[in-house]
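Here the structure is laid out as structure tokens; the discussion comes afterwards.
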Amino acid sequence: QVQLVESGGGLVQAGGSLRLSCAASGRTFSGYVMGWFRQAPGREREFVAAIRWTGGSTLYTDSMKGRFAISRDSAKNTVYLQMNSLKPEDTAVYYCAARNSGGFSFDRSNYNYWGQGTQVTVSS
């Protein structure tokens with residue numbers, strides 16, 4: 001049973017930084033794509049970034065490239081999302097997701113497993 005547990009969310013002022021963590025368990029994740037999505041109130045869940053567990057190549061939404069960085073620590077089975085220069089519009093619940101085949105995807109329906117989410121609130 002794959003489990004994804006996010007942590008690291010919280011309240012931060014605009015311009016600040018947060019690092020989210022996603023602890024993954026239940027199997028080995030070689031060949032998986034691990035992604036971060038976010039959902040603001042009243043909006044659809046949107047893609048933020050993804051990383052291939054094997055090799056570490058990454059994909060970002062253009063608007064977040066340069067401010068956010070996804071990484072993984074294979075020894076700890078953990079995926080991270082470093083978020084810098086945060087803006088009030090980054091306020092959302094951030095979700096970790098895992099896709100077991102098919103490579104990178106922006107489409108949330110292509111991800112097989114999800115965490116429970118962690119709230120990020122950016123004050124102005």
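Between Ala14 and Ser124, the closest heavy-atom pair is CB-CA, 4.3 Å. Closest of all the heavy-atom pairs between Ile70 and Tyr60 is N-OH, 2.9 Å. Between Ala92 and Ala40 the shortest heavy-atom distance is CB-N, 3.8 Å. Residues Ser74 and Trp53 share a closest heavy-atom pair of OG-NE1, 3.7 Å. Heavy atoms only, all atoms of each residue included: Arg67 and Ser85 are closest at NH1-O, 3.0 Å. Shown here for Leu81 and Ala49, the closest heavy-atom pair between the two residues is CD1-CB, 4.4 Å.
In this structure a side-chain-to-backbone donor-acceptor pair under 3.5 Å is missing from Glu6 to Thr118. No donor-acceptor distance shorter than 3.5 angstrom exists from the side chain of Arg99 to the backbone of Val33, with no hydrogens or angles considered. A donor-acceptor contact shorter than 3.5 Å links the side chain of Tyr111 to the backbone of Ser105. Formation of a donor-acceptor pair under 3.5 Å by the Thr54 side chain with backbone atoms of Gly31 is found in this model.
Side chain to side chain, Asp107 and Ser109 meet the donor-acceptor criterion of an N or O pair below 3.5 Å. Judged by distance alone, the side chains of Tyr94 and Arg38 do bring a donor and an acceptor atom under 3.5 Å apart.
By the rule that hydrophobic residues join a cluster once side-chain heavy atoms approach within less than 4.5 Å of another member, Val93 and Phe47 end up as members of one cluster. When the side chains of ILVMFWY residues are joined at heavy-atom separations under 4.5 Å, either directly or via intervening members, Trp114 and Phe106 end up in a single hydrophobic cluster. Follow the hydrophobic side-chain contacts under 4.5 Å out from Phe29 and you reach Tyr113 in the same cluster. Linking ILVMFWY residues whenever their side-chain heavy atoms come closer than 4.5 Å, directly or via other members, places Val48 and Val12 in the same cluster. Cluster annotation: Trp36 is connected to Leu86 through the hydrophobic network of ILVMFWY side chains, with a link wherever side-chain heavy atoms come within less than 4.5 Å.
The closest side-chain heavy-atom distance from Arg108 to Gln39 is not below 4.5 Å. Contact of the Met83 side chain with the Val120 side chain is registered, since non-hydrogen atoms from C-beta on lie closer than 4.5 Å. Using a 4.5 Å cut-off on side-chain heavy atoms (C-beta onward), Val122 and Glu89 make no contact. Considering only heavy atoms from C-beta on, Tyr32 comes within 4.5 Å of Arg27 through its side chain.
Atom CD of Gln3 sits in a sparse spot, with 12 or fewer heavy atoms from other residues, nucleotides or ligands closer than 6.0 Å.
Separation of atoms OG1 (Thr78) and CG (Leu4) is listed at 10.5 Å; rounding is to 0.5 Å. The CZ atom of Arg72 lies 15.0 Å from the OG atom of Ser21; values are rounded to the nearest 0.5 Å. The line from CD of Gln119 to OG1 of Thr91 is 7.0 Å long, rounded to the nearest 0.5 Å. Here CZ of Arg52 is found 13.0 Å from OG of Ser30. Values are rounded to the nearest 0.5 Å.
Judged by the 6.0 Å and 45° rule, Arg45 forms no cation-pi pair with Phe37.
A salt bridge links Lys65 and Asp62; the closest N-O separation between the charged side-chain nitrogens and carboxylate oxygens is under 4.0 Å.
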